[in-house]
Novice: 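The structure's right below; bear with me while I get my questions together.
Just so you know, ligand 1 is whichever comes first in the structure, and atom 1 is the first atom listed for that ligand. Computed over heavy atoms, backbone and side chain alike; hydrogens, waters and symmetry mates excluded. When a residue number appears, it is its place in the shown sequence, counting from 1.
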Amino acid sequence: MFTSVIRRTWFAVLSVGFMLAIGGQALADSKVGALAPGSKAASIQPSQCVEPTPYMRRHHMELILHQRDKTVHEGIRSKKYSLAACIDCHVARGDGGREVPVNAEGQFCDSCHDYVGVSLTCFQCHATVPTPASAHK
Ligand code: HEC
Ligand code: HEC
Ligand code: HEC
């Protein structure tokens, strides 16, 4: 679909090394749902999320909300659909590994949401960059 086409385009652009030439951040910022430059997600080969991408596009909110309920109400902590893990893998890393908050304008968790008019309250409490406690174990 739309996001998949532009994502592939973005990868194509990346792979031919245009990123530096045209200012990777500005380009990434204009691509809804594009993987963040410098993120672990962007470096994984073969490229894979915790579930297949088309499923993630439509259902990621159900996975994390369900995960939250399991953790907060039942005390079950699984890493697979942890919000902390989403952030650890999807956060952009800029110059010198500096992490860019996932919900900053144009960043991974903002791009589609801005596009569809969703506004998350999650980050009032949850960290928007990986924290030592959230790092993969
Ligand atoms: C008022 C503060 C607050 C808000 C707002 C909030 N959470 Fe949480 N959340 C917590 C606390 C506290 C925990 C339990 C401590 C922990 O596990 O980090 C938690 C745990 C979780 C977990 C399980 C731990 C993990 O990293 O997977 C998930 C998933 C989660 N929240 C998702 C969400 C999502 C999605 C939203 C937004 C829709 C949200 N939370 C909004 C406070 C909040
Ligand atoms: C270990 C790394 C990793 C983790 C953890 C991870 N993802 Fe992903 N995610 C990826 C990769 C890589 C892709 C792109 C897959 C592809 O190219 O098809 C992706 C794709 C996505 C997409 C689709 C993006 C698009 O352009 O259409 C969404 C939405 C998404 N992830 C959300 C999440 C959420 C929410 C979580 C936490 C529950 C999460 N991801 C956890 C690596 C990860
Ligand atoms: C590929 C586009 C895309 C990406 C990337 C994306 N989302 Fe979403 N997200 C959506 C769409 C579309 C909705 C609204 C679905 C609806 O209205 O039912 C949504 C809704 C949500 C909701 C539910 C909001 C609510 O108030 O009910 C949560 C939670 C959420 N996303 C978390 C995340 C997190 C965390 C990330 C980054 C790791 C992320 N999303 C990245 C497209 C995306």
Side-chain angles (χ1 to χ4, degrees):
M1 263 180 34
F2 181 57
T3 51
S4 139
V5 171
I6 51 179
R7 191 162 45 78
R8 279 196 210 102
T9 308
W10 172 233
F11 272 131
V13 168
L14 256 187
S15 63
V16 292
F18 266 44
M19 190 179 156
L20 291 173
I22 47 184
Q25 198 55 48
L27 186 61
D29 284 354
S30 69
K31 305 297 178 193
V32 173
L35 293 182
S39 64
K40 291 182 186 172
S43 69
I44 292 174
Q45 292 300 330
S47 190
Q48 206 183 320
C49 197
V50 291
E51 295 294 343
T53 302
Y55 183 87
M56 287 308 288
R57 269 184 215 131
R58 297 173 69 100
H59 299 291
H60 62 279
M61 58 301 284
E62 295 155 33
L63 295 178
I64 33 181
L65 293 174
H66 182 69
Q67 179 65 41
R68 175 189 59 183
D69 293 346
K70 282 183 85 159
T71 304
V72 175
H73 301 307
E74 298 167 40
I76 298 167
R77 280 179 185 276
S78 129
K79 288 280 164 236
K80 189 168 185 193
Y81 303 132
S82 138
L83 180 59
C86 319
I87 287 155
D88 182 58
C89 199
H90 279 290
V91 75
R93 289 181 173 83
D95 294 343
R98 186 182 53 89
E99 291 149 345
V100 187
V102 283
N103 65 337
E105 198 182 339
Q107 292 299 318
F108 187 71
C109 300
D110 170 74
S111 54
C112 301
H113 294 167
D114 183 52
Y115 191 72
V116 296
V118 168
S119 152
L120 295 188
T121 55
C122 319
F123 299 120
Q124 289 169 12
C125 300
H126 288 273
T128 58
V129 293
T131 60
S134 75
H136 272 287
K137 293 171 182 111

Novice: Contact between Leu63 and ligand 2, counting heavy atoms under 4.0 Å?
Specialist: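 No; Leu63 lies far enough from ligand 2 that no heavy-atom distance drops under 4.0 Å.
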Novice: When you look for heavy atoms under 4.0 Å from ligand 2, do you find them on the side chain of Gln48, its backbone, both, or neither?
Specialist: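 Backbone only.
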Novice: Which atoms of ligand 2 have any heavy atom of Phe108 under 4.0 Å away?
Specialist: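 Matching atoms, with element in brackets: 21 (C), 22 (C), 24 (C), 28 (C), 30 (C), 31 (N), 32 (C).
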Novice: For ligand 1, which atoms, with element, lie under 4.0 Å from some heavy atom of Thr71?
Specialist: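 That gives atoms 23 (C) of ligand 1.
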Novice: Going by the order shown, which atoms of ligand 1 are within less than 4.0 Å of some heavy atom of Thr121?
Specialist: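 Counting from 1, the qualifying ligand atoms are 5 (C).
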Novice: Under 4.0 Å from any heavy atom of Ala85, which atoms of ligand 2 are there?
Specialist: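 In order of number, 5 (C).
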Novice: Pairs of nitrogen or oxygen atoms closer than 3.5 Å, one from Arg77 and one from ligand 1: do any exist?
Specialist: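 Yes - when backbone and side-chain N and O of Arg77 are compared with those of ligand 1, one distance drops under 3.5 Å.
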Novice: Which ligand 1 atoms, with their elements, are less than 4.0 angstrom from a heavy-atom of Leu65?
Specialist: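 Contacts of ligand 1 toward Leu65, numbered from 1: 35 (C), 38 (C).
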Novice: Is there a protein heavy atom at a distance of less than 4.0 Å from atom 11 (C) of ligand 1?
Specialist: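 Under 4.0 Å from atom 11 (C) of ligand 1, zero protein heavy atoms found.
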Novice: Quick check for you: to the nearest 0.5 Å, what is the distance between Asp69 atom CG and Ile76 atom CD1?
Specialist: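 Between atom CG of Asp69 and atom CD1 of Ile76 there are 11.0 Å.
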Novice: Show the atoms of ligand 1 that are less than 4.0 angstrom away from any heavy atom in Ile64.
Specialist: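 So the answer, numbered in order with elements, is 29 (C).
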Novice: I'd like to know if Val118 and Ile87 are part of one continuous hydrophobic network [Ile/Leu/Val/Met/Phe/Trp/Tyr, side-chain heavy atoms within less than 4.5 Å].
Specialist: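 Yes, same cluster.
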Novice: Look at atom 27 (O) of ligand 1 and say whether a protein heavy atom is found at less than 4.0 angstrom from it.
Specialist: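 Neighbour list for atom 27 (O) of ligand 1 includes protein heavy atoms (cut-off 4.0 Å).
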Novice: Kindly write out the residues that satisfy side-chain hydrogen bond (donor to acceptor under 3.5 Å, both in side chains) with His113, not counting sequence neighbours, or none if the list is empty.
Specialist: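 Listed in chain order: nothing, the list is empty.
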Novice: For ligand 1, which is the ligand I care about here, please tell me if Ala84 has any N or O atom under 3.5 Å from one of the ligand's N or O atoms.
Specialist: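 Yes; the residue has a nitrogen or oxygen that sits under 3.5 Å from a nitrogen or oxygen of the ligand.
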Novice: Leaving waters out, which protein N, O or S atoms fall under 2.8 Å from atom 8 (Fe) of ligand 1?
Specialist: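 Protein N, O or S atoms closer than 2.8 Å to atom 8 (Fe) of ligand 1: His126 NE2.
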Novice: Report the part of Tyr55 in contact with ligand 2, treating N, CA, C, O as backbone and CB onward as side chain, heavy atoms under 4.0 Å; options are side chain, backbone, both, neither.
Specialist: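 The answer is neither.
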Novice: Strictly by ring-ring contact (aromatic ring centres under 6.0 Å, His included), give each pair with a member in residues 63-100 just once, sequence neighbours left out.
Specialist: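 Sorted pair list: His90-Phe108.
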Novice: Compute the minimum heavy-atom distance from Val102 to ligand 3 and say whether it is under 4.0 Å.
Specialist: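 Heavy atoms of Val102 never come under 4.0 Å of ligand 3.
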Novice: State the atoms of ligand 2, each with its element, that fall below the 4.0 Å cut-off from a heavy-atom position in Gly33.
Specialist: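 With Gly33 as reference, the close atoms of ligand 2 come out as 24 (C), 25 (C), 26 (O).
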Novice: With atoms numbered from 1 as shown, which atoms in ligand 3 lie under 4.0 angstrom from a non-hydrogen atom of Leu120?
Specialist: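 Close to Leu120: 22 (C), 24 (C), 28 (C), 29 (C), 30 (C), 32 (C).
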Novice: Check Ser78 against Ser82 and note the closest heavy-atom contact, atom names and distance.
Specialist: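 Closest heavy-atom pair between Ser78 and Ser82: O-CB, 3.7 Å.
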Novice: Can an N, O or S atom be found in Cys49 less than 2.8 Å away from atom 8 (Fe) of ligand 2?
Specialist: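 Yes - counting backbone and side chain alike, Cys49 has an N, O or S atom under 2.8 Å.
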Novice: I need the atoms of ligand 2 closer than 4.0 Å to a non-hydrogen atom of Arg57, numbered in the order shown.
Specialist: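 Per the distance check, 23 (C), 25 (C), 27 (O).
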Novice: Contact between ligand 1 and Lys70 is defined here as a heavy atom of the residue under 4.0 Å from a ligand atom; is it met?
Specialist: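 Checking ligand 1 against Lys70, which is what was asked, there is no heavy-atom contact under 4.0 Å.
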Novice: Distance under 4.0 Å to a non-hydrogen atom of Cys89: what atoms of ligand 2 satisfy this?
Specialist: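 By the 4.0 Å cutoff, the relevant atoms are 1 (C), 2 (C), 3 (C), 4 (C), 5 (C), 42 (C), 43 (C).
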Novice: Provide the number and element of each atom of ligand 2 under 4.0 Å from a heavy atom of Ile44.
Specialist: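 In order of numbering, the contacting atoms are 1 (C), 2 (C).
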Novice: In chain order, what residues pass the side-chain hydrogen bond (donor to acceptor under 3.5 Å, both in side chains) check against Thr71, with sequence neighbours excluded?
Specialist: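 By the side-chain hydrogen bond (donor to acceptor under 3.5 Å, both in side chains) rule, Thr71 matches Gln67.
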Novice: I'd like to check whether His113 has a polar contact with ligand 3, where a contact means an N/O of the residue lying under 3.5 Å from an N/O of the ligand.
Specialist: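 So ligand 3 has an N or O lying under 3.5 Å from an N or O of His113.
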Novice: Within less than 2.8 Å of atom 8 (Fe) of ligand 2, any N, O or S from His60?
Specialist: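 No N, O or S atom of His60 is closer than 2.8 Å to atom 8 (Fe) of ligand 2, so no.
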Novice: Going by the atom numbers of ligand 3, which of them fall below 4.0 Å from some non-hydrogen atom of Cys112?
Specialist: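 The list of qualifying atoms is 1 (C), 2 (C), 3 (C), 4 (C), 5 (C), 42 (C), 43 (C).
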Novice: How many angstroms lie between CG in Leu35 and OG1 in Thr53, if you round to the nearest 0.5 Å?
Specialist: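 That separation rounds to 8.0 Å.
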Novice: Restricting to non-hydrogen atoms, name the atom on His60 and the atom on Met56 that form the minimum distance, rounded to 0.1 Å.
Specialist: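 Looks like ND1-O, 2.8 Å.
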